[in-house]
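Let me begin by presenting the structure, written as structure tokens, before commenting on it.
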Amino acid sequence: MATDTLKSTTGASGASAVRRLLLDNGALTALIALVIAMSALSGDFLTTDNLLNIGVQAAVTAILAFGVTFVIVSAGIDLSVGSVAALSATVLAWMATSQGVPVWIAVILAIATGIACGLVNGVLISYGKLPPFIATLAMLSVGRGLSLVISQGSPIAFPESVSHLGDTLGGWLPVPVLVMVVMGLITALILGRTYIGRSMYAIGGNEEAARLSGLRVKRQKLAIYALSGLFAAAAGIVLASRLSSAQPQAAQGYELDAIAAVVIGGASLAGGTGKASGTLIGALILAVLRNGLNLLSVSAFWQQVVIGVVIALAVLLDTLRRKAGATPVAAGTGAPGGRGKQAATYIIAAVVAAAIVGAMSFLHNGSSSSATKKVGLSLSTLNNPFFVQIEAGAKAEAKKLGVDLTVTDAQNDASQQANQLQNFTSSGLGSIIVNPVDSDAAGPAVRSANKAGIPVVGVDRGVNKADTAALVASDNIAGGKLGAKAMAEKLGGKGKIVILQGLAGTSASRERGAGFAEGLKAYPGIEVVARQPADFDRTKGLDVMTNLLQAHPDIQGVFAENDEMALGAVKALGSKAGTSVSVIGFDGEPDGLKAVKDGTMYASVAQQPKELGRIAVENALNAAEGKKVEKTVMVPVKVVTKENVSGFGG
């Protein structure tokens, strides 16, 4: 068999040589294929601005993935990097603002936080004998919890001097891309030129053999996980710089993207293989996929499906590569001339890519049409009926006015929304509508749209530190006050209540909660016995309310910051709902209004989401055409009870 393999390798025909080249460089081949496909499908893909956007959008994932590469090469796993990134950024912002610590010291403390989290992971794995999956899963929860504790669930403004990491050099070169390149070079240096790098490959190849050969495996694992924590801290700082704020809920799920980038880049989860260039290509593949699918108006739900398929194909390719005898080698250990061959491969790939860019630019040249009636709508989430109704109202108005409307779903991720807004800007749309995940975090991306001369309309929530042509919204603070008044009147001015809070860090939760608290000041007989977050989710509302009832069985009222949580609370209360316990929600969504009509919910502070969507599209089109629009358009909010629910149209 060895002879056969040698013959097939050395005496390969031209076709088999190409096949081997593709197998050995599967990730690079996939990236080139994706660029070709996206270039053919969208004339906006190959613009300079959009290509820079892809680099920026890949930066955080790539930096995280570089750290995870160390772990995976050594046959480990790190699920905590997303939470560690958020915690490190929160520590920096909190220290530099609330505690008055000099920024440079705050940066050191943030990096130290990441290293400390990595060291804890290493200790648990090396000396506590915990499986890496369990140890890092625990750190995922601890890191996220500490981030929320330090920030009290609210974003913290980032120091201006550090926020420049999210800017550009010379007005065009994004700093996050430079940071990504530097971290990639450091990763390649560590893997290919250092003792710790060689140790990673040895441990991943055969840990017992590495130990018997004299390698101090436990100490090496401490260093490996500390490096992963350091890179996570760097990624968190870059991410927060882009958003001009440290978001306690930032980077959720990014650990999976980081692992995916490493695997797509050719590393094996069994350990022993992997390299920095492959990881970078994997991160770029994910970024190109998301960017291109955004430009093609593909649903965010389908984007997850596509990315899952790509990961599966990457693992399949790795299997085929191994069967074909094209097992990748450790960085820095290839045969003489291997690096030259690899460099030649990358040069050929660059030439091919340049040819494609030129061909596609020629293909799309002159195919542009008037962008005035092209409008982008970025919603914070489509997992909530309220925002689904905003989308429905917007689509109906767009169809009526002949507007080409592209809708994206940020899935309550401020960073993902920033990427979507950047994609809209580089596409040269006539106008953009944004329903911010967070008003502060949306600011930098909206300012980019301002510089490009694209009018932006806010819907439901405003955007801070940026110019919006109009804000179409209901007043969340006023709505919270109305909810407090309705609760007090129902309870006769006295009683015990609990509050179900929305997703920590979102402006909607903060404003509704602040309005309710302000309204309750007029009713000292109302006692709030508990406040707990249920993340705007019906299932979590059910679970949290069930738990609260164990400690507070004698409550008379529940205020939920949206109808979904209120409906969960109704389910937990059972027969008490609408009889001994009055439940008030917020939004006026169809299921909530039905519960009000049935009497299980006392009231909903009802907005008119379809009207919000309709008016937002109307104003976006007017702004794109240069017509005058009102700076603020307030859509009325009212308390809907059983007495007036039949007359409320939503």
Problem - Pairs involving residues 249-264, ordered by first then second residue, that meet side chain to side chain donor-acceptor pair (under 3.5 Å) (sequence neighbours left out) - result: Q249-Q252, Y254-D413, Y254-S415, D257-R290

Fill in the blank from the handout: Nearest heavy-atom contact between D78 and S228 is OD2-OG, 2.8 Å

Problem - Heavy-atom check, side chain of I237 versus side chain of S241, under 4.5 Å - result: yes

Practice task
Show your reasoning for whether side-chain contact (heavy atoms from CB on, under 4.5 Å) applies to L173 and T168.
Solution key: CA-CA 5 Å; L173 183 59; T168 57; 5.7 Å; no

Problem - pair M200-I190: side-chain heavy atoms closer than 4.5 Å - result: yes

Practice task
Please determine, by modelled atom types, if T90 and S147 share a side-chain donor-acceptor pair under 3.5 angstrom.
Solution key: yes

Practice task
For S74 and V71, indicate whether the former's side chain and the latter's backbone hold a donor-acceptor pair under 3.5 Å.
Solution key: yes

Problem - Intermediate values then yes/no, side-chain contact (heavy atoms from CB on, under 4.5 Å), T273 and Y201 - result: CA-CA 7 Å; T273 62; Y201 289 106; 5.6 Å; no

Handout entry: Polar side chain donor-acceptor pair, D438 to Q247, under 3.5 angstrom
Key = yes

Fill in the blank from the handout: Closest heavy-atom pair, Q416 versus D409, reported as atoms and distance to 0.1 Å, is NE2-O, 3.4 Å

Handout entry: With sequence neighbours excluded, residues passing side chain to side chain contact (heavy atoms under 4.5 Å, CB included) with I108
Key = W104

Exercise for the section: Begin with the C-alpha distance, continue with both residues' side-chain angles, and end with the deciding distance and a verdict on side-chain contact (heavy atoms from CB on, under 4.5 Å) for R198 and T194. Expected result: CA-CA 7 Å; R198 292 190 291 274; T194 65; 5.9 Å; no

Exercise for the section: Mark yes or no for whether S141, through its side chain, and L137, through its backbone, hold a donor-acceptor pair below 3.5 Å. Expected result: no

Exercise for the section: Taking all heavy atoms of V437 and all of A414, pick out the closest pair and write down the distance. Expected result: CG1-N, 3.9 Å

Handout entry: Residue pairs involving residues 306-317 (criterion side chain to side chain donor-acceptor pair (under 3.5 Å); sequence neighbours excluded)
Key = none

Exercise for the section: Give a yes or no on whether the backbone of M183 and the side-chain of T187 come within a donor-acceptor separation of less than 3.5 Å. Expected result: yes

Problem - Residues that R211 engages under side chain to side chain donor-acceptor pair (under 3.5 Å), provided they are two or more places apart - result: E208

Fill in the blank from the handout: So the ring pair (Phe, Tyr, Trp, His ring centres under 6.0 Å) pairs with at least one residue in residues 65-86 (sequence neighbours excluded) are F70-F231

Completion exercise
residues 113-122 vs side chain to side chain donor-acceptor pair (under 3.5 Å), sequence neighbours excluded, gives S80-N121

Handout entry: Nearest non-hydrogen partners of M180 and A62, listed with the distance
Key = SD-CB, 3.6 Å

Problem - S426 and its side chain to side chain donor-acceptor pair (under 3.5 Å) partner, picked from T48, N291, N53 - result: N53

Exercise for the section: Tell me, with the steps shown, if L79 and I259 meet side-chain contact (heavy atoms from CB on, under 4.5 Å). Expected result: CA-CA 9 Å; L79 299 176; I259 293 169; 3.8 Å; yes

Fill in the blank from the handout: Taking every heavy atom of P132 against every heavy atom of T136, the minimum-distance pair comes out as O-OG1, 2.7 Å

Exercise for the section: Ignoring hydrogens and angles, tell me if any N or O in the side chain of S244 forms a donor-acceptor pair with the backbone of A240 under 3.5 Å. Expected result: no

Handout entry: Any side-chain donor near an acceptor of the partner, Q417 and S378, under 3.5 Å
Key = yes

Completion exercise
Between G114 and A233 the two heavy atoms that sit nearest each other are CA-CB, 4.0 Å

Problem - Whether N50 side chain and F45 backbone form a donor-acceptor pair below 3.5 Å - result: yes

